[in-house]
Each structure stands twice: as structure tokens, then as C-alpha cells.
There are 2 protein chains.
Amino acid sequence: MIFCNHTPGEKPSCRWRRRKEARPEEIIDAALALFVEKGFSATRLDDVAKRAGISKGTLYLYFDSKEAIFRAVVETLIGPQLQQIEKLVHDFEGSNQALLRQLILGWWRNVGETGLSGIPKLIVSESGNFPELSEYFVKHVVKRMRKVFVGVLERGVAAGEFKPCDAQVAARLLFAPLVHAAIWKHSLQPWDDTGDVPVYLNLHLDIFFNGISSGAAKNE
Amino acid sequence: MIFCNHTPGEKPSCRWRRRKEARPEEIIDAALALFVEKGFSATRLDDVAKRAGISKGTLYLYFDSKEAIFRAVVETLIGPQLQQIEKLVHDFEGSNQALLRQLILGWWRNVGETGLSGIPKLIVSESGNFPELSEYFVKHVVKRMRKVFVGVLERGVAAGEFKPCDAQVAARLLFAPLVHAAIWKHSLQPWDDTGDVPVYLNLHLDIFFNGISSGAAKNE
DNA sequence: ACTTAATAACTGACTGGGCGGTTATTAAAT
DNA sequence: ATTTAATAACCGCCCAGTCAGTTATTAAGT
């Protein structure tokens, strides 16, 4: 705790090191973990600094305020994920059901099982205190994400693969268990570890597609 | 703001009134609203007091601490709901599907559309800061609730009404959209008012039961 | 190579305000 | 007159944000 800032496997020959490039990411990672665990208000910057292996003053060399760190956490971590998802949809060849399954399970693998899974809880928790951030999140994340799902669902309906339905609502239903699982993982999971999530998601997908498929093929 | 504490429709003839009986509930209601909106840490007791129409000192005549108020909010508001639900299940006559539909829609009417709908968000947000409370909630609310759903689902499977499946997991899936809708309502809804919830829930129920029904009867 | 000067990353003690909690006092109720 | 609900001024801790000083690093000079 006293000696720090050494690249792994290096002996502590000095009190600290200059690592201008690495700081921001380390700060954001530390802040994400603490914000998710404790919430924004209850997180002390001293703790963020300690976790990032620096002093509190250093935080202010890279960010203007606690709130700026919060915004950076949210805004920098989600862009890449969305791009990857949109790419997957664009390149995919196969049935729409298979694509949606892959989207759901892929999201869980890339987001749900990583530190990113804490972001939904964080956003939900702080929505009342950061309305502008919530607006940003809805506009640039939720709606963009939903657009992908709605597109695939509508394509599936047009192709006769799914029953006709309100794709907006169906998209929300399809995605809800993902969000639910992610939030759960960071809140009540420790006291109710009900099996692993992929099992949960697979049953969801089976029921959902069995329920929405246009009757033609039934997967047992 | 200055004059207060009058039963509705009473003229402010004095600075305040003694209303020992009514205080606790009013405090709890005020605290619920603010905790849900801002989270526990970010809520100031001065604001709770103001909203309850009293001064901060008065809070301490009825509760030992801020945390005690928090616990009271959670513990006093959910018991009655659970009892009502268990009674409904006990008395119900009809198909298990119909019962589950009624449970879901009834929950939304009695909880989702009232101030109680904020509790899930509150629990999730503060789970990191109040582990004991989370444990209590899981033990006495989540599991008790799930037990009801699991019971009905298993009965349905045994009766040949539903396909065989893991009732524990299915119960979580069935309930997830409710929690999702409630949390959504208190966080991102203002920036994405996607239709009303009953429509969402009805589609959920249609897809779910169509997906899980044992093929015999199809309701279209 | 070795020393020294200049720069910039980093530190940690400090502060000012805000908020949880207390208490001396006031006023309603009986 | 006595009791007690309620107040509002008050206290002290905590923590976001600051800044004067320290140390690693780099560059220039010899």
C-alpha cells in the first residue's frame, strides 16, 4: 500500500513512477468498481485513489471533479461494445433466431461476465442524481441497442420466422433478462446464487422463441 | 413551508400540531420517495423532514438514525403485499396459467403503480452499503415470492398444463419483466416512455405461456 | 560518463462546507 | 400546572477539492 506504481515484476526502488498514459484507464477501472459497489455518493475519492494506486491529488491531474470521473466511466466503456454488436449483426449469416441467440449470449460473455456488467446498476442507481447522464445513456446506448434488436425481430417477422408482434415491446422483453441478470449479479446475487446465468438465459431464449415462432418448426 | 402539520382542510391557526400517531407513516413515505429518487447517501435528512412536514429533530423522536428509517421503509411496506399475494394463491380457482397472469398483473396494479414500485430500485442501489438488509430482503421477500411462483408452476407441470422445466429458473424468468419495469419506471423511464407497462406485461405473458404450454391448447 | 538544471508527475496535509446527530427551548395538549 | 411533541440552533465529523512541496524523469552542459 505504501510502495506502488510499479509495472508487474518490478522491485519497489522508488516511491512512485510517472505513468501518465496508464493513469486514466486505471482510475476509471477503480472508480467503476467502487461506484458499482457503493454508489456514487458513498464512494470516497480517497478510496478510488487508493485502489488506483495513486494519491487523491493525482485524480485531479486527470479529471476535473468526481462527477467528471463518473461520466468518463460510463462514456468510455460502452462505445466499443456497441460497435462490436452492430458489426456482428451486419456480418451475420443465418436465421434471425440464431442471430438473436448469439447476440444475447455474446452480450453476456462480453459484458455480463466482465466489469462492464456493473454499469446498468450504476446508471439505475444514480439516475435521479444525474438526469443528463441518464438521458445520454438512453439516447446513445439503450435506443441504439434496441434498434439492433428491433431490426432483427422485424426482419424475422417479415421472413415469416416470427409471429407478427410489436417489435419494440418484444425487443425490450428479449433483453430484459440480460439487464436483470447483470443488475442481480451486482446486488442480490451473493445471497441467492441461483445457478449460473447462461442456464437462465438459455431457458429464456427457448421459451421466448418457442412462444414467438410462427409455429412452423418446433425445437424440442 | 413555515406553517405545517395541519390535517388537510384546516387553517393554520398555530405553528404546528401534535400528531404522534401519524408521524411514522408520513416519515416513511417521505423517506421512500427521496431514497428512491436520490439513493440513501445522497438523501439529506433535512429534506426528508421537510417533505414529511416536520423538522429534522422530530425524526429522532421516532427513529434512532438515518439507517433505522431506511430499514423501516423496507420492512414495513412489503409484508402486507406478500400476505395478500399468498392469500390470492390459496383461494384461487382456475387454471394455473390464469392464476399466474392474475398474480403478475395484480402485482403491477398494487405495487408497480404505487410508491412501492421504488423499493426494488432502492434495494438494488444500496445493496453494497447494506448487506444485511439485502440478505433480509432476499430471504424474506424474494425467496418467499419465488416460492409462490414455483409452487404454481410445478402444479402446472404436474397437471400437464406446462412443459416440464426447472421451475426455479422459470419463476425468475416470469417475474423478471416486473422487476425490470419497476426499476425502469424509477430510473430511465422519463427519457424513454415506451408505452404503458400492462401492454408490455401482456405480451410477456402471451409469449411466456405460449412458449411453456404443453401444446394442448393454444390461445389466439 | 557524470553532473546539474529544468520539467512535469505525484504527494499528502489542509480547508471549507455540508450533513448526521444532539439538545436547550418553546408551545400544544390535557 | 404538568407533560410531551416539536422545534431550531448547535456541534463535530467527514470528504471533495486545493496547493505548496517532493521526487522521478528528461535534457543540457562539461
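Here is how names work: the chains are called A, B, and so on, in the same order as the sequence lines, proteins then strands, and each is numbered from 1. Computed from a predicted structure; not experimentally measured.
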Query raised in the report: Counting heavy atoms not belonging to A:E25, are there more than 12 under 6.0 Å from its CD?
Result: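 Atom CD in A:E25 is not packed in, count stays at 12 or less.
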Query raised in the report: Is the number of heavy atoms from other residues, nucleotides or ligands under 6.0 Å of B:D196 CG greater than 12?
Result: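 Yes, CG of B:D196 has more than 12 neighbouring heavy atoms, counting only those of other groups under 6.0 Å.
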Requested in this report: Classify the ring geometry between B:F70 and B:F40 as parallel (under 30°), tilted (30 to 60°) or perpendicular (over 60°).
Outcome: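 If you compare the ring of B:F70 with that of B:F40, the planes turn out perpendicular.
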Query raised in the report: Can you name the closest pair of heavy atoms from A:T43 and A:L34 and give their distance?
Result: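 Reported closest heavy-atom pair: OG1-O, 3.2 Å.
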Review item, nucleotides 15-22 of chain D N/O atoms under 3.5 Å of protein N/O:
{"unit_1": "D:dC15", "atom_1": "OP1", "unit_2": "A:R44", "atom_2": "NE", "d": "2.6"}
{"unit_1": "D:dC15", "atom_1": "OP2", "unit_2": "A:R44", "atom_2": "NE", "d": "3.2"}
{"unit_1": "D:dA16", "atom_1": "OP1", "unit_2": "A:T43", "atom_2": "O", "d": "3.1"}
{"unit_1": "D:dA16", "atom_1": "OP1", "unit_2": "A:K66", "atom_2": "NZ", "d": "3.3"}
{"unit_1": "D:dA16", "atom_1": "OP2", "unit_2": "A:L45", "atom_2": "N", "d": "2.9"}
{"unit_1": "D:dA16", "atom_1": "N7", "unit_2": "A:K56", "atom_2": "NZ", "d": "2.8"}
{"unit_1": "D:dG17", "atom_1": "OP2", "unit_2": "A:Y60", "atom_2": "OH", "d": "2.8"}
{"unit_1": "D:dG17", "atom_1": "OP2", "unit_2": "A:K66", "atom_2": "N", "d": "2.9"}
{"unit_1": "D:dG17", "atom_1": "O5'", "unit_2": "A:Y60", "atom_2": "OH", "d": "3.3"}
{"unit_1": "D:dG17", "atom_1": "N7", "unit_2": "A:K56", "atom_2": "NZ", "d": "3.1"}
{"unit_1": "D:dG17", "atom_1": "O6", "unit_2": "A:K56", "atom_2": "NZ", "d": "2.8"}

Nearest-Å distance, [atom1] ([X]) to [atom2] ([N])?
{"X": "B:L61", "N": "D:dA8", "atom1": "CG", "atom2": "P", "result": "13 Å"}
{"X": "A:R23", "N": "C:dA9", "atom1": "CZ", "atom2": "C1'", "result": "8 Å"}
{"X": "A:I27", "N": "C:dA9", "atom1": "CD1", "atom2": "C1'", "result": "12 Å"}
{"X": "B:L34", "N": "C:dC19", "atom1": "CG", "atom2": "C1'", "result": "15 Å"}
{"X": "B:R19", "N": "C:dA27", "atom1": "CZ", "atom2": "C1'", "result": "17 Å"}
{"X": "B:L59", "N": "D:dA6", "atom1": "CG", "atom2": "P", "result": "11 Å"}
{"X": "B:E26", "N": "D:dA5", "atom1": "CD", "atom2": "C1'", "result": "14 Å"}

Report task. Taking the six-membered ring of B:F209 (Phe, Tyr or Trp), confirm whether the NZ or CZ of B:R101 is under 6.0 Å from its centre and within 45° of its axis. Result ->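 Judged by the rule (NZ or CZ under 6.0 Å from the ring centre, within 45° of its axis), B:R101 is not positioned above B:F209.
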Query raised in the report: Does B:L205 reach the side chain of B:L105, with side-chain heavy atoms less than 4.5 Å apart?
Result: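 A side-chain contact under 4.5 Å exists here.
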Checking [X] side chain against [Y] main chain: does a donor-acceptor pair fall under 3.5 Å?
{"X": "B:H186", "Y": "B:E37", "result": "no"}
{"X": "B:H180", "Y": "B:A176", "result": "no"}
{"X": "B:K56", "Y": "B:D46", "result": "no"}

Query - OP1 or OP2 of D:dA6 under 4.0 Å from side-chain N/O of B:Y62 - result: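 Checking B:Y62 against D:dA6: at least one side-chain N or O falls below 4.0 Å of OP1 or OP2.
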Query raised in the report: With sugar-phosphate meaning primed atoms plus P, OP1 and OP2, does B:F63 contact a base, only sugar-phosphate, or nothing at under 4.0 Å between heavy atoms?
Result: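 Nothing, no nucleic acid heavy atom in range.
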Distances for protein N or O near nucleotides 1-4 of chain D N or O, under 3.5 Å:
{"unit_1": "D:dT4", "atom_1": "O4'", "unit_2": "B:R18", "atom_2": "NH2", "d": "3.0"}
{"unit_1": "D:dT4", "atom_1": "O2", "unit_2": "B:R18", "atom_2": "NH2", "d": "3.2"}

